[in-house]
Each structure stands twice: as structure tokens, then as C-alpha cells.
Amino acid sequence: MQSSKMTSIFRTAYKPRSLLHPRAIRCISPTTKPAATVAAAAIPETTTYEHAFIPNEPTRPHVRTAIPGPESKKAIAELDRVFDIRSLNMMANYQNSFGNYIADPDGNVLLDVYAQIASIPVGYSNPALLAAAMSPEMASAMINRPALGNFPQHDWASILETGILRVAPRGLNQVFTAMAGSDANETAYKAAFMWKRRQERGGPDAEFTADEITSSMNNQTPGSPHMSILSFKSGFHGRLFGSLSTTRSKPIHKLDIPAFDWPQASFPLLKYPLEQHVEENMAEEARCLAETEDLIQNYHNPVAAVVVEPVQSEGGDNHASPAFFRGLRDITRRNNVLFIVDEVQTGVGATGKFWAHDHWELSQPPDMVTFSKKAQTAGYYFGNSELRPNKPYRQFNTWMGDPAKAILFRAIIQEIERLDLVQNTADVGQYLYAGLERLAQQYPHEIQNLRGKGQGTFIAWDSPRRDDFTRRAKMLGVNIGGSGERAVRLRPMLIFQKHHADILLEATEKLISS
């Protein structure tokens, strides 16, 4: 049954666009209560007919049982015997999930504006990705998975150049591939430390001293130097051992784990609406920049790099202005430390640009940009060849990435380009933000500090009853997430359209008005 269903999906990948989706065309009727009731004349109506991007996508959510329902509870109990389920959000049935909609074993179908923690780019059961998954190229990459450092496949350069490097940030033309966002950050930190010590040692040809070699095996200086990575309060950069020392979002991530003595600077706490607090926010950002530079210059463990998220996602969806990030870039350059931009959650189109740091209009690109999530693979981009270690095996593991995931990312890129999904996200984000802005005016206690204007669908607000809001949203057919202490964060897929935004706005108004 499952095999025939997936075969059917595969066949639809080759149908003409006009034949893909007769069922998932939504007519906005006069009786529908979308953004129109929220903003009356202020919010433009969606087009009368809007074709969904993915075939077989439902037209609306459908909730049949409590969540979790009886079938989900059985599946959860079975899983609990062999796997820790305490962080479980909901049990999913991916064979029955299509486009923007996630299904569970009980037949409930929810509009997913959380997207697996911001990691599904172009929809569930996307036919283009299924076609890539069933290609001979993918099959070979999966069953002959190479140890890329020692035995790369003959077409690895081509896979990179036609995929990952095709969308490389401006000025960065090389990549180190990895397995996950935490892994990408950790390897970027290693690259920063090796770069810094190579400078101090006198260049790539300077050999290690006998003292460095011996002391490194005892975790002592000078072989294991006292250096650091500077991160920001409330930032999140992963849960692996090294990246965890730069994560500052929640104690539960860090408790009981030994940590490096690395500095943290204050991230701006902006006041909203932004246009009403211009001077205060400028002063706050200036304060944080001054604190950052002071730490770089005076911290007892010298700083090799600064790492920052374009939006502090896990820590509460905290934003800063482009001027703040340009200031950070200037500080790192004049103090000879590297600037690492963590685009694990913000990258691949979610902010209405392919890379969120493109909003900053930097005069000089970051030294490294880390990525994962929507890319379905991971790694860091760089442009300076000095960020390659001076000897082999210094930045190394068995896999060093995964060609199968790189092939998948290439298919994702092609789908983004084919459907112009970055521009779609920018346009839909503007429409959605306008609807939420009107709701915030109508229910100011329920939607506080609305933020993310001009950042695609990367939108959030603070809620006095956030956990209750996200829980009850499921019963209205919407899967939505939170971040920080009280933020509701939106992380829809790039195929999220205006008719999906209407459904979300309608559900949000029901939740906050009751």
C-alpha cells in the first residue's frame, strides 16, 4: 500500500503544472473569514484563484480526534519502549503529509507553520525531491556512501558546484560539508582557532614545536591554547560539546556539561514598534557593540572569532538592525578576529532573501557562514583559503558530509528557483505581517512586540499565554511553535502562500479572541 502510494506521488512529478493540482485550488469566497476581517480594506485580498505549489495538498486543515488521538497514543507507547519520547510534539504520518500539511496516524491534517523546527524547505512529499531521491545518482550515493576525506566520489566537485556552491553567499566560494548545524558550527570554530594560531606561529609553513606537540596530548598549553569564541546572550549554536559553549538560550541545554571559558556579549533588546523607539534602540545597539569590542580586546582567553545569528531564533526571535551587524563586521575586521554568521535556521530563503545576512548589505562578506536545516545538509562556506588547515587530517572525520544530502539540496535549490520561492516568501511574508499587525492593534494584550517586518515569513510575537496558544492551535488545525520564554515563532515552508496565511490568521484570531 505504502509503495503504491509513493509510486503515485512519483508519477505526478512529471505531470504538467496545469494538471497537478485541480483539487488544491482555493476560491476565496465572500463567506470566508481570512485576513479580510482582520484588516478590512487595509490588507489586500488574495487572488481569486491561487494554485498550491504541491500536488495532493489539502485545501484546509482537518481535525478528527483529540491530538494525540488513539492511534497516535498507540504509536507513542510503542516508540517509548525503545526511544526517548519526552520531547515529542506530535506523532506524524509522512506518507499522508503533503505540501504545507502534516498528518498524524489518526487522520488529523494540520497546516504546518513550524516545519520540523524550520527544516522543511519545499513541502512534504514534494514530487521534485522524490524524483531526485529515486534517481540512480542518489541510489549510488546512498548505498556507496563515501568517506569523503579519503575516498570522494568522482563527481563530488560537480555535485558541489551545481548545488551547495551554486547558492554560496557573496564572496565565499569554498565549502566544508558537515552532518548537522551543531557540527557545522563546531568545525567552523576549529577553522578559526587553527587560522589564528597559524598567524601567531608565522604562517602556513611554520612547523609545530616539540612543546606544542607534547602539551597538546595532555590538553595543556601551548599545544591546547587558551582561546575563545565570542557569542551572544540568548544565542543558540547547537548542543554538541564545543558549540554548546556558545549556546546561551536555555539552561536545560547546558546543565551538567563541562563548558569552555568563553565570553558572551549582550545582544540588543529592541523595543517595539521599532518606529516609535528609534533613538532608544540605536543607543541599545551601540551599547552592545561597545561591550563586544571590549570583550574582544580584554577577555582573558583571546577571542579568535565572533559567532552570531541574524535572528536569535531559539532564544526568542530577537532581532537587530542591519546597522548593528555592519558594526559587528567592522569590529571583527579591525581587531583581526573572524566573523561567523550562523545561518542554520535563517538561511535558504526564509527571510525573503536566500541568506538572511544579505539584508545587512555588508561591505565585506562574513568570513564563514554556517548552514543546515532547510538545506537538508550542513557545513560552512568560506572564501579565504587560509581557512583551510595547513595540514591534512586536522579538519576531518569519516564522512565529512553526505553526497546524498548534497544531491537533495541541489534538488531543493532547483525547486526554489523554478517556483521563485524566495520572492514568494518575501511577498507572502508582507501579506501575513500586515494581517498580524491588524490583529495586534485589535488585541494588543495577546500579540505583543510583533517583529519580523520585511523578513519574509520569519515572524514572531510575544504572547502572555504562549504555551496555551500553541497547544490549542493544534485543535484548530495549525501546528505552530514557540521560542524563548514567551515568543510564538512562525517558520512556514517556502511554499507557504497567501491562502495558507488566511487560514493561519483566521485560526490566530479565534485563539486570541477566546
Flag side-chain contact, heavy atom, 4.5 Å: D104 against M91: no
Under 3.5 Å donor-acceptor, Q448 side chain and H445 backbone: yes
Find out whether W360 and V341 are in side-chain contact, i.e. whether some heavy atom of one side chain is under 4.5 Å from a heavy atom of the other. yes
Please work out whether the ring planes of F267 and F325 are parallel, tilted or perpendicular, with thresholds of 30° and 60°. tilted
Is a donor on one side and an acceptor on the other found under 3.5 Å between the side chain of S249 and the backbone of F236? no
To the nearest 0.5 Å, atom CG of D358 lies from atom CG of L362 at 8.5 Å
Passes side chain to side chain contact (heavy atoms under 4.5 Å, CB included), I480 versus L490? Steps please. CA-CA 7 Å; I480 194 167; L490 303 184; 3.4 Å; yes
Taking side chain to side chain contact (heavy atoms under 4.5 Å, CB included) as the definition, give me every residue that meets it alongside L295, ordered by chain and number, with sequence neighbours left out. L230, P263, A265, E291, Y299
Which heavy-atom pair separates L328 from L289 by the least distance, and what is that distance? N-CD2, 3.6 Å
Could you tell me whether the side chains of N126 and E415 share a donor-acceptor contact shorter than 3.5 Å? yes
Would F371 and T377 count as a side chain to side chain contact (heavy atoms under 4.5 Å, CB included) if you check the C-alpha gap in whole Å, the side-chain angles of each, and the deciding distance to 0.1 Å? CA-CA 8 Å; F371 63 94; T377 182; 4.0 Å; yes
N424 (side chain) donor-acceptor with I495 (main chain) under 3.5 angstrom: no
Check: I416 and V348 side chains under 4.5 Å, non-hydrogen atoms: yes
I need the full list of salt bridge (Lys or Arg N to Asp or Glu O under 4.0 Å) pairs touching residues 440-450, with sequence neighbours left out, sorted by first then second residue. E446-R465
Contact check, side chains of I257 and F241, non-hydrogen atoms, under 4.5 Å: yes
Apply the test side chain to side chain contact (heavy atoms under 4.5 Å, CB included) to residues Q430 and K453: give CA-CA distance (whole Å), side-chain angles for both, the deciding distance (0.1 Å), then the verdict. CA-CA 7 Å; Q430 184 178 13; K453 187 174 185 178; over 6 Å; no
Hey, are the side chains of K510 and S514 touching, using non-hydrogen atoms and a 4.5 Å cut-off? no
Give a yes-or-no answer on whether the side chains of N479 and D112 include a donor-acceptor pair shorter than 3.5 Å. yes
So, the side chain of E186 versus the backbone of S243: is there a donor-acceptor pair under 3.5 Å, distance only? yes
Where the side chain of R486 meets the backbone of D462, is there a donor-acceptor pair that is under 3.5 Å apart? no
I want to check something: taking the side chain as every heavy atom from C-beta on, are P61 and V109 in contact at a cut-off of under 4.5 Å? no
Can you name the one residue among Q312, R491, K374, E309 that meets side chain to side chain donor-acceptor pair (under 3.5 Å) with Q345? R491
Which atom names give the shortest non-hydrogen contact between T508 and I447, and what distance separates them? CG2-CD1, 4.4 Å
Hey, are E57 and H500 close enough side-chain-wise for a donor-acceptor pair under 3.5 Å? yes
Nearest 0.5 Å, please: how far is CZ in R438 from CD in E509? 13.5 Å
Without hydrogens or angle criteria, can the side chains of S245 and Y189 be said to hold a donor-acceptor pair below 3.5 Å? no
Does R64, at its CZ atom, have more than 12 non-hydrogen atoms belonging to other residues, nucleotides or ligands within less than 6.0 Å? no
Looking only at atom types and distance, does a side-chain atom of E285 sit under 3.5 Å from a main-chain N or O of S321, one as donor and one as acceptor? yes
Quick check: are there more than 12 heavy atoms from other residues, nucleotides or ligands sitting under 6.0 Å from CD1 of I117? no
Taking only residues two or more places apart in sequence or in another chain, which ones pass ring pair (Phe, Tyr, Trp, His ring centres under 6.0 Å) with Y101? none
Rounded distance (nearest 0.5 Å) linking atom CG of L494 with atom CG of L421: 5.5 Å
Just do the side-chain hydrogen bond (donor to acceptor under 3.5 Å, both in side chains) check on T370 and E343 with the steps written out, would you? CA-CA 6 Å; T370 61; E343 290 251 28; over 6 Å; no
Counting N and O atoms only, with roles assigned by atom type, does the side chain of Q376 sit under 3.5 Å from a partner on the main chain of I120, one being a donor and the other an acceptor? no
D294 vs T292, side chain to side chain contact (heavy atoms under 4.5 Å, CB included): CA-CA, chis, key distance, verdict: CA-CA 5 Å; D294 179 69; T292 300; over 6 Å; no
Apply salt bridge (Lys or Arg N to Asp or Glu O under 4.0 Å) to residues D106 and K73 and explain how you reach the verdict. CA-CA 9 Å; D106 296 282; K73 288 180 178 178; over 6 Å; no
Run the salt-bridge test on R60 and E506 with the 4.0 Å N-O cut-off and return the result as yes or no. yes
Gap between atom CZ of F409 and atom CG of L129 - 0.5 Å precision: 11.5 Å
Contact summary for M368 and A188, nearest pair of heavy atoms: CE-O, 3.4 Å
Short side-chain to backbone donor-acceptor contact, R451 and D317, under 3.5 Å: yes
Gap between atom OG1 of T425 and atom CZ of F458 - 0.5 Å precision: 12.0 Å
Could you list all the salt bridge (Lys or Arg N to Asp or Glu O under 4.0 Å) pairs where at least one residue sits in residues 75-90, not counting sequence neighbours? D84-R86
Contacts of type ring pair (Phe, Tyr, Trp, His ring centres under 6.0 Å), residue Y124, not counting sequence neighbours: Y94
Does M179 have more than 12 heavy atoms from other residues, nucleotides or ligands lying within 6.0 Å of its CE? yes
Taking R466 for its side chain and E485 for its backbone only, find out whether a donor-acceptor pair lies under 3.5 Å. yes
Heavy-atom side-chain proximity of R472 to D468 below 4.5 angstrom: yes
Assess whether atom CD of E361 is packed by more than 12 heavy atoms of other residues, nucleotides or ligands within 6.0 Å. no
How far apart are the closest heavy atoms of G163 and I413, and which atoms are they? O-CD1, 3.2 Å
State, to 0.1 Å, how close N108 and A66 come at their nearest heavy-atom pair, and which atoms those are. ND2-O, 3.9 Å
Closest heavy-atom contact between H359 and G454? CE1-O, 3.5 Å
Contact between K271 and E284 at the side-chain level, heavy atoms closer than 4.5 Å - yes or no? no
Looking only at atom types and distance, does a side-chain atom of R329 sit under 3.5 Å from a main-chain N or O of G327, one as donor and one as acceptor? no
Among residues two or more places apart or on two chains, list those pairs meeting salt bridge (Lys or Arg N to Asp or Glu O under 4.0 Å) that have a residue in residues 237-261. K250-E314
Between atom CG of D427 and atom CG of L432, what is the distance when rounded to the nearest 0.5 Å? 12.5 Å
K474 and N89: side chain donor to acceptor below 3.5 Å: yes
Angle between ring planes, Y381 versus W355, binned at 30° and 60°: parallel, tilted or perpendicular? perpendicular
